[in-house]
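Naming convention: chains lettered A, B, ... in sequence-line order (proteins, then strands); numbering from 1 in each chain.
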There are 2 protein chains.
Amino acid sequence: MGSSAREEARIADALRKAVLERKLAPGSKLPEEELAQIFRSNRAKIRRVLLSLSRSHIVTLEPGRGAFVSRPSPQEARDVLASRRLIEVSLLARPYRKLSTQGVTRLRRIMAQEAEAHEKHDAIAMIHVSGQFHLTLIEELGNEVLKSITEELILRMSLIITMYERHNTTCCLSSDHHDLLDLLLAEKYAEASLLMARHLEGIESCLDFHRDPVTATILSQILQPVQG
Amino acid sequence: MGSSAREEARIADALRKAVLERKLAPGSKLPEEELAQIFRSNRAKIRRVLLSLSRSHIVTLEPGRGAFVSRPSPQEARDVLASRRLIEVSLLARPYRKLSTQGVTRLRRIMAQEAEAHEKHDAIAMIHVSGQFHLTLIEELGNEVLKSITEELILRMSLIITMYERHNTTCCLSSDHHDLLDLLLAEKYAEASLLMARHLEGIESCLDFHRDPVTATILSQILQPVQG
DNA sequence: TCAACCATTATTGTTCACAATATCAAACCC
DNA sequence: GGGTTTGATATTGTGAACAATAATGGTTGA
């Protein structure tokens, strides 16, 4: 049964996906037994997955009480934001290498998907695809380690946005991505870096840390459609 | 038994410490039963610790074969190095805030310990204290998230240095730390950033990725003195 | 009516035994 | 003699039962 790692990865991915898509609200309880049923698995595996996710700050384990979707504090939120800005802005200012032609192709394809999602008003797809754009950029200009670090930060940002997003605002400007690619192709890195800074600041300005923290904890029934 | 988390933290710290001090060579096998005996614990807890450490790339879990101290590839090594450089150099160039007076105090104290360790030719203390200097700097000028990211990168670098260190070289120049603090106090961030870049490049230049990879895997008996 | 207390229930934490798998060594065949 | 197979041994993986703990709801008393 060497596929157990595969099964755990599947469960972890499903949970991560649910967080990314903001289906799992911060604070939601994640009962082991219930998750085991949902994923047709057993408690032991669920337990490993939860431990794993807790190491990436997606889940918080409270001894004796169980696992909960993390509720990042305003301070943690600011730190995650700032860290992501540091990494992405600095990398664009002095990328490790130029964009490869295949990289450009991948970025263009992602941008096309972005346009399509925008067209259909598919907010969930927008989130996914927008994240993919940033990650591909880092992978192209940076390296795997930075990519996995940023991957985690993006996931944490998803929780942050769910908790602190100001009402009646849209956070992601896909037009920026277009301009970003143009600047990179022209090798205008200083300008690209500046645009990225503004882009991420734009997200930050959508947050309100004084918001009423009554983010209702959604029952994990939400998860059932994720995995039959 | 709410102290189980505490016990696991203790074990994980001991293992991390052993890696940091280069007592545990990359590739060493970490048998669950043996670790359980060494730490007067049981397999279940050891297992959790190993899973946890594997998430921070210190340990590699091979399904069906067990846990091993990770052997970072040359590519991974380069990526870790580059990532750390990106974070620390960029942060010094544009720190989030100025050094606090207590921060300066802490840094000076660390530097004193560094001098002392240098005096005594205590290589292990040097490693610890040097790491503490960098982490404190990040904590002061940056934030907690960046600190924990860097903490992990430093640990990975410990493995990298063990594997790829060129013979007959010393990797860490503590004199740089002194100059660094002076520049920061003078708020000459551009110069401080440059010095940090050179400092980290200095470490990199001590590495030889073509070295014979015969890093012997030390038996984990090494660990016994760590925890009676 | 409210608060504190206690019993009940549900959930998490731990342990153990067993199954599956890999490792090692000796025997075997080519 | 070298390489392969096969069996014995050790280690990891899995599942289930049990213990410990926290949440729940109802009762009692002021």
Side-chain angles (χ1 to χ4, degrees), chain A residues 1-12 14-15 24-55 58-71 216-224 227, chain B residues 1-12 15 24-55 57-71 216-224 227:
Chain A
M1 310 281 180
S3 67
S4 91
R6 203 104 207 101
E7 185 182 346
E8 283 170 29
R10 178 180 64 84
I11 298 173
L15 286 171
L24 267 179
S28 307
K29 187 158 199 321
L30 300 171
E32 300 176 356
E33 190 60 49
E34 199 172 343
L35 287 174
Q37 285 176 356
I38 291 174
F39 292 107
R40 311 279 163 83
S41 187
N42 55 42
R43 271 184 62 207
K45 279 174 192 147
I46 295 296
R47 190 165 260 269
R48 295 244 299 269
V49 169
L50 291 174
L51 176 60
S52 201
L53 290 176
S54 80
R55 291 267 330 163
I58 303 306
V59 157
T60 301
L61 298 181
E62 297 188 21
R65 296 199 54 234
F68 300 82
V69 179
S70 295
R71 295 175 51 88
T217 67
I218 299 176
L219 201 58
S220 57
Q221 302 308 92
I222 305 298
L223 268 182
Q224 250 149 3
Q227 156 62 17
Chain B
M1 311 275 182
S3 67
S4 89
R6 203 104 206 101
E7 185 182 345
E8 283 170 31
R10 179 179 64 85
I11 297 173
L15 286 172
L24 269 178
S28 307
K29 186 156 200 321
L30 299 171
E32 300 176 355
E33 189 60 48
E34 199 171 343
L35 289 174
Q37 285 176 355
I38 291 173
F39 292 106
R40 312 277 163 83
S41 187
N42 54 43
R43 269 183 63 207
K45 280 176 190 139
I46 295 296
R47 188 166 262 269
R48 292 238 292 275
V49 169
L50 291 175
L51 176 60
S52 202
L53 290 175
S54 80
R55 292 264 332 161
H57 307 271
I58 303 305
V59 157
T60 301
L61 299 181
E62 297 188 21
R65 297 198 55 233
F68 300 81
V69 178
S70 295
R71 296 174 50 89
T217 67
I218 299 175
L219 201 59
S220 56
Q221 303 307 92
I222 305 297
L223 268 182
Q224 251 149 1
Q227 156 64 17

A:R48: side-chain contact (heavy atoms from CB on, under 4.5 Å) partners, not counting sequence neighbours:
A:E8, B:R47, B:L51
May I ask you to evaluate whether B:K29 reaches the phosphate of C:dA22, defined as a side-chain N or O under 4.0 Å from OP1 or OP2?
no
Partners of B:R55 by side-chain contact (heavy atoms from CB on, under 4.5 Å), sequence neighbours excluded?
A:R16, A:S52, A:R55, A:S56, A:E152
Does a side-chain heavy-atom distance below 4.5 Å link A:T60 with A:R71?
no
Could you check how far CD1 of A:I46 sits from P of D:dG13, rounded to whole Å?
18 Å
List for me each residue that meets side-chain contact (heavy atoms from CB on, under 4.5 Å) alongside A:E33, sequence neighbours excluded, and say none if there are none.
A:Q37, A:R43
Could you say whether B:G66 or A:G64 is positioned toward the 5' end of DNA chain D, judged by the nucleotide with the nearest heavy atom to each?
B:G66
Does any non-hydrogen side-chain atom of B:L35 lie less than 4.5 Å from one of B:V49?
no
How long is the line joining CZ of B:R47 and P of D:dG13, in whole Å?
5 Å
Output a table of nitrogen or oxygen pairs between the protein and nucleotides 15-19 of chain D separated by less than 3.5 Å.
{"unit_1": "D:dG15", "atom_1": "OP2", "unit_2": "A:N42", "atom_2": "ND2", "d": "2.2"}

What is the separation between atom CZ on A:R48 and atom P on C:dG13, rounded to the nearest whole Å?
16 Å
Counting side-chain heavy atoms from C-beta on, which of D:dG13, D:dA23, C:dG13 comes nearest to A:R65?
D:dA23
Separation of A:L61 atom CG from D:dA22 atom P, in whole Å?
15 Å
Length of the CD-C1' vector between A:E7 and D:dG13, whole Å:
13 Å
Could you tell me whether the side chain of A:L24 reaches within less than 4.5 Å of the side chain of A:L30, counting heavy atoms only?
yes
What is the separation between atom CD on B:E62 and atom P on D:dG13, rounded to the nearest whole Å?
11 Å
Over how many whole Å does the gap from B:L35 atom CG to D:dT11 atom P extend?
12 Å
Once side chain to side chain donor-acceptor pair (under 3.5 Å) is applied, do any residues pair with B:S41, and if so which ones, sequence neighbours excluded?
B:E7
Between P on C:dT14 and CD on B:E32, what's the gap in Å once rounded to a whole number?
16 Å
